[in-house]
There are 4 protein chains.
Amino acid sequence: MRADARRNRELIVRAATRVFMDTGCSGSMEDIAQAAGLGVGTLYRHFPDRAGLLALITCDVVSRLAAQVEAAAATDLPRWEVLLGYVRDAVREPLAMLKSVSTDDPVVAGPAERLHAVLGRVVEGAQAEGSLRADLETAAVTDLLGLVVCRPGARDDDPLATVVLDGLRAPGLENRPDAIRGQ
Amino acid sequence: MRADARRNRELIVRAATRVFMDTGCSGSMEDIAQAAGLGVGTLYRHFPDRAGLLALITCDVVSRLAAQVEAAAATDLPRWEVLLGYVRDAVREPLAMLKSVSTDDPVVAGPAERLHAVLGRVVEGAQAEGSLRADLETAAVTDLLGLVVCRPGARDDDPLATVVLDGLRAPGLENRPDAIRGQ
Amino acid sequence: MRADARRNRELIVRAATRVFMDTGCSGSMEDIAQAAGLGVGTLYRHFPDRAGLLALITCDVVSRLAAQVEAAAATDLPRWEVLLGYVRDAVREPLAMLKSVSTDDPVVAGPAERLHAVLGRVVEGAQAEGSLRADLETAAVTDLLGLVVCRPGARDDDPLATVVLDGLRAPGLENRPDAIRGQ
Amino acid sequence: MRADARRNRELIVRAATRVFMDTGCSGSMEDIAQAAGLGVGTLYRHFPDRAGLLALITCDVVSRLAAQVEAAAATDLPRWEVLLGYVRDAVREPLAMLKSVSTDDPVVAGPAERLHAVLGRVVEGAQAEGSLRADLETAAVTDLLGLVVCRPGARDDDPLATVVLDGLRAPGLENRPDAIRGQ
DNA sequence: TATGAATGAGGATTCATTCAT
DNA sequence: AATGAATGAATCCTCATTCAT
């Protein structure tokens with residue numbers, strides 16, 4: 001890929017992310033092109049259609065997150081810390097706008113599955129180490145974290161995050177983010 | 001207002017609610033008119049524009065909720081019970097589709113303020129009675145409940161609701177929905 | 001259907017026929033709307049899409065022709081005369097522009113089959129009465145007439161028509177359009 | 001012109017012919033470039049625009065046919081045979097796709113005129129030798145032959161060709177492709 | 001010179017809104 | 001007053017053509 005094409009692709013992704021965030025996923029292709037300082041045709045050369053653009057952005061974000069969680073999961077940090085790290089990483093990403101993207105899209109399905117898999121292992125590990133409530137199914141916990149991080153303006157220390165993370169703690173560890181039961 | 005006009009207005013609101021829920025707020029005016037068994041012209045006689053229709057539905061829902069909370073707040077039930085009652089009532093309403101409606105609309109602002117006010121009093125009462133964590137601002141709690149209640153498919157006993165409500169409990173009362181500190 | 005709607009539909013069909021004839025089937029919907037003195041939206045209310053419009057025009061033309069041939073076939077005219085009548089009728093219609101319309105479209109398939117059927121019977125009758133060459137398959141003759149009739153500017157007495165009709169005559173009757181063998 | 005330039009030009013013409021035949025003249029420049037294994041830029045270096053490319057192909061085909069007819073006309077074959085030879089040659093060429101090219105284009109006008117001229121002489125010769133109907137104008141006959149050879153899938157022995165050639169025969173020679181009146 | 005990336009006008013289609021019946 | 005036909009701006013997307021690499 002030529003240097004200018006790569007640069008423009010990057011410009012498009014950035015502009016699209018910005019526009020989608022501002023408009024809640026309903027910005028037009030013309031708007032995005034303008035925000036990128038390019039013509040619409042260039043958009044379509046890089047992304048065959050609107051859905052493809054959304055899918056690519058989703059794929060990018062989700063892949064990045066999956067890689068970060070995998071890296072953290074490979075350390076010997078407490079699993080609870082790994083989960084907190086995921087929330088910290090995720091709230092930095094433009095996830096709110098991605099709720100309308102279906103994970104059926106093959107471009108998205110792979111990374112989504114990868115993230116789901118590693119998160120699932122971390123959740124089970126956290127329940128095993130006694131830092132996470134044991135009375136919730138794995139999928140319930142990951143869905144819950146999904147809701148925490150997929151809000152406009154989400155932060156890892158905002159009220160919802162604080163309360164949910166507290167509510168996920170194993171009994172007796174509430175309000176003690178760093179503690180692991182028995183320690 | 002004549003009897004048939006009131007009837008048509010009712011038909012429209014019902015149809016619009018149904019259509020908006022089915023399509024995630026993106027149903028067309030034509031769809032709504034058809035669902036109501038009326039012509040588009042009749043729609044526009046009752047509601048000046050699409051935003052007005054959404055605002056009206058929002059107004060209806062929010063007013064109903066405000067009235068319910070006010071009624072519950074007028075009893076001597078524990079304030080925590082009043083909050084739980086609000087969640088139970090709210091998840092029955094089509095709130096998920098209303099996230100895109102801004103509360104700036106004058107039609108919505110009144111009822112929204114009314115709901116916010118009564119919820120604020122209940123939250124403070126709950127903190128005073130020791131059933132609700134005291135380390136959160138009133139607005140943080142109401143925002144939090146808003147998120148719990150404004151999801152597609154929300155229920156008052158689904159994982160998010162369970163965990164958030166648990167996280168909102170005063171320390172020592174977690175996992176005990178009915179208890180009030182000191183009892 | 002309301003009076004003005006019927007009138008507009010008629011205007012659209014006329015305008016579309018004219019535009020398609022002028023541009024060889026490549027006129028835009030905007031062009032057609034303008035030619036009809038209407039907005040594009042009105043076009044789309046009457047015809048769901050471009051293909052639908054072409055299909056409708058085809059259907060109209062073909063149905064009209066089928067009815068004319070059926071009427072002629074019901075008389076006791078010589079079958080050769082019925083065929084000549086078909087050519088006379090058909091060259092008056094805007095058939096040239098319809099070559100790109102596939103008869104797969106269900107709207108077109110019915111009338112096309114109807115026309116094909118009645119023409120087939122007339123061809124066989126003509127061969128039986130000895131006015132039409134017997135060494136050609138029915139479908140070959142109808143295809144041939146199709147080509148005669150589906151040209152821009154076709155007339156029933158232009159060189160191609162004259163020569164082809166002459167070539168279709170039974171041996172011995174060439175150059176005698178009115179004669180039937182043995183008479 | 002350099003050797004590789006000539007080679008590319010040849011590649012383009014071949015690819016364009018193939019693509020236009022496959023798509024009925026509506027293939028895109030990108031498609032053609034791809035089929036030629038070249039970039040679009042190279043296409044435009046050789047041909048200033050789409051119409052120019054079509055004109056060139058037309059020019060090629062028509063020139064080739066003109067040369068073939070001229071060669072046959074230079075022999076002492078019966079003129080009827082020369083006409084049949086033209087039909088045989090022409091149906092092998094991709095003429096159907098060229099109907100949309102106007103002969104006004106200066107690139108096409110020359111060869112078209114050349115072909116028309118030689119065909120005209122052959123037609124007159126055939127009428128003189130008594131093998132071709134004498135009651136048709138020269139231009140009528142050449143137009144007629146044009147229609148015969150400019151169809152998708154035309155063959156020199158398909159029903160239309162058979163019937164038209166038969167219809168063009170002088171009276172008394174019908175159904176005898178090889179005969180010349182008086183022989 | 002060859003390449004293919006960029007451009008933007010043009011075309012099909014949708015839908016909120018207006019207006020004639 | 002109710003209806004639904006008409007309107008046209010807005011949106012997605014294509015493709016002939018230009019231009020930077």
Side-chain angles (χ1 to χ4, degrees), chain A residues 1-9 11-12 26-34 36-53, chain B residues 1-2 4-5 8 26-34 36-53, chain C residues 1-9 11-12 26-34 36-53, chain D residues 2 4-5 8 12 26-34 36-53:
Chain A
M1 183 180 276
R2 241 162 64 180
D4 56 343
R6 197 194 320 286
R7 197 181 117 271
N8 284 339
R9 188 187 175 91
L11 282 175
I12 290 171
S26 67
S28 76
M29 294 300 263
E30 215 87 32
D31 289 344
I32 294 169
Q34 183 136 40
L38 298 168
V40 261
T42 309
L43 239 68
Y44 282 92
R45 165 172 285 270
H46 285 278
F47 303 99
D49 56 18
R50 201 172 186 287
L53 178 53
Chain B
M1 183 179 281
R2 269 166 41 178
D4 57 343
N8 282 342
S26 66
S28 74
M29 295 299 263
E30 204 83 36
D31 289 343
I32 294 169
Q34 181 137 41
L38 299 168
V40 262
T42 311
L43 226 70
Y44 278 89
R45 167 166 298 275
H46 285 276
F47 302 100
D49 56 18
R50 200 173 189 281
L53 179 53
Chain C
M1 186 180 273
R2 241 161 64 179
D4 56 344
R6 196 193 321 286
R7 199 182 114 269
N8 283 338
R9 188 187 175 90
L11 283 175
I12 290 171
S26 66
S28 74
M29 295 299 263
E30 213 86 33
D31 289 344
I32 294 169
Q34 184 137 41
L38 298 168
V40 262
T42 309
L43 238 67
Y44 281 91
R45 165 171 287 270
H46 286 277
F47 303 99
D49 55 19
R50 202 172 187 285
L53 178 54
Chain D
R2 269 167 40 179
D4 58 343
N8 281 344
I12 290 171
S26 65
S28 74
M29 295 299 264
E30 204 83 37
D31 289 343
I32 294 168
Q34 180 138 42
L38 299 168
V40 263
T42 310
L43 226 70
Y44 277 88
R45 167 165 298 273
H46 286 276
F47 302 100
D49 56 19
R50 201 172 189 281
L53 178 54

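Every chain is numbered from 1, with letters handed out A, B, ... down the list of sequences. Atom set for the values below is all heavy atoms of this structure, side chains included, hydrogens, waters and symmetry mates excluded.
Here the shortest heavy-atom pairing between C/L43 and C/A33 reads CD1-CA, 3.9 Å. Closest of all the heavy-atom pairs between B/Y44 and B/D49 is CE2-CA, 4.2 Å. Of all heavy-atom pairs between D/I12 and D/I32, the closest is O-CG2, 4.4 Å.
The nearest whole Å value for the distance from the CG atom in C/D4 to the P atom in E/dC19 is 15 Å. When the P atom of E/dG4 is taken as reference, atom CD of D/E30 falls 9 Å away, rounded to whole Å. If you take CD of B/Q34 and C1' of E/dC15, they are 14 Å apart, rounded to a whole angstrom. Across the protein-nucleic acid pair, B/Y44 atom OH and E/dT17 atom P stand 4 Å apart, rounded to whole Å. At whole-Å resolution of the value, CG in C/L11 and P in F/dA5 are 16 Å apart. Summarising the geometry, the separation between CG on A/L53 and C1' on F/dC12 is reported as 13 Å, rounded to the nearest angstrom. Look at CD1 on D/I32: it is 18 Å from P on F/dT14, rounded to the nearest Å.
Of all nucleotides present, only E/dC19 satisfies the Watson-Crick or G-U wobble test against F/dG4, with each distance under 3.5 Å.
Closest-nucleotide positions on DNA chain F for D/D49 and C/L38 were compared, and the one nearer the 5' end corresponds to C/L38. In terms of position along DNA chain E, the nucleotide closest to D/G41 lies nearer the 5' end than the nucleotide closest to the other residue of the pair C/P48 and D/G41. Nearer the 5' end of DNA chain E, as judged by each residue's closest nucleotide, is the contact made by D/N8, out of D/N8 and A/R9. In terms of position along DNA chain F, the nucleotide closest to A/D31 lies nearer the 5' end than the nucleotide closest to the other residue of the pair D/S28 and A/D31.
Residue A/T42 places none of its side-chain N or O atoms closer than 4.0 Å to OP1 or OP2 of E/dA5. Taking side-chain N and O atoms only, A/R45 has no distance below 4.0 Å to OP1 or OP2 of E/dG4. Checking the phosphate oxygens (OP1, OP2) of E/dA12, a side-chain nitrogen or oxygen of C/R50 falls inside 4.0 Å.
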**Q.** A/M29 vs A/L53, side-chain contact (heavy atoms from CB on, under 4.5 Å): CA-CA, chis, key distance, verdict
**A.** CA-CA 10 Å; A/M29 294 300 263; A/L53 178 53; 4.3 Å; yes

